[in-house]
Amino acid sequence: MNGKTMIYEKRTYRITAGKAPEFLKLYQAEGLHIITRYAKLIGCWVTDSGPLNSVVFIWAYDDYGHRSAQRAKLGADAEWQSFVPKILPYLDYQESVFLQPAAFSPLG
């Protein structure tokens, strides 16, 4: 990424109850190396409160145009296309929220 103010995408997946460990194991083993070709992973968390059974990722992009271009490349990646059907049975809900850092944020 180029050092200018970035945007962050917070992606939340609600996972079928009891299946988060399986989802994370599969995602790490088979999907993470694909998606990180196109987006910078800032972090991944499992919820302990609020909506339970959720996995939250934060991805960094240069800007909205970069995010759109990178997501298009990811969507066209044959390896990703083969991976996605493997995780769909785990997903009950998905949400994507874009975050822009405040001027004083350490992640700019």
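Keep in mind that what you see is a predicted model, and the values were worked out from it rather than measured. Side chains included, hydrogens not; waters and symmetry mates left out as well; all remaining heavy atoms used.
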In short, salt bridge (Lys or Arg N to Asp or Glu O under 4.0 Å) pairs touching residues 76-102 with sequence neighbours left out are E30-K86, R37-D77, R37-E79
Is a side-chain N or O of S54 found less than 3.5 angstrom from the main chain of T47, in a donor-acceptor match? no
Ring pair (Phe, Tyr, Trp, His ring centres under 6.0 Å) pairs, two or more places apart, involving residues 83-108: Y27-F83, Y64-F98, W80-F83
Considering all heavy atoms of both residues, which atom of N53 and which atom of G18 are nearest to each other, and what is their separation? OD1-N, 4.0 Å
Going by heavy atoms in the side chains, are M6 and D62 under 4.5 Å from each other? yes
Stepwise, does the salt bridge (Lys or Arg N to Asp or Glu O under 4.0 Å) test hold for E22 with K25? CA-CA 5 Å; E22 286 177 39; K25 185 177 180 181; over 6 Å; no
For W59 and F57, I'd like to know if the aromatic rings sit close, meaning centre-to-centre distance below 6.0 Å. yes
To the nearest 0.5 Å, atom CG of L32 lies from atom CG of L26 at 11.5 Å
Spatial distance of atom OH (Y61) from atom NE2 (H66) [nearest 0.5 Å]: 8.0 Å
Taking all non-hydrogen atoms of both residues into account, name the closest pair between T16 and P89 and its distance. OG1-O, 3.8 Å
Output the distance between atom CD1 (I58) and atom OH (Y8), rounded to the nearest 0.5 Å. 9.0 Å
Judged by atom type as modelled, is there a donor-acceptor pair below 3.5 Å linking the side chain of Q70 to the main-chain atoms of Y38? yes
L52 reachable from V56 in the ILVMFWY side-chain graph, under 4.5 Å edges: no
Out of curiosity, I42 CD1 to E9 CD, how far, rounded to the nearest 0.5 Å? 12.0 Å
Hydrophobic cluster membership, L41 vs V55, 4.5 Å side-chain cutoff: yes
Would you name the heavy atoms of A20 and I15 that are closest together and state the gap between them? N-CG2, 3.6 Å
Taking all non-hydrogen atoms of both residues, which atom of R67 and which atom of S96 are closest, and how far apart? NH2-OG, 4.4 Å
Taking all atoms of both residues into account, what is the closest heavy-atom pair of G75 and Q81, and its distance? O-NE2, 2.8 Å
Any side-chain heavy-atom pair of I34 and L74 under 4.5 Å: yes
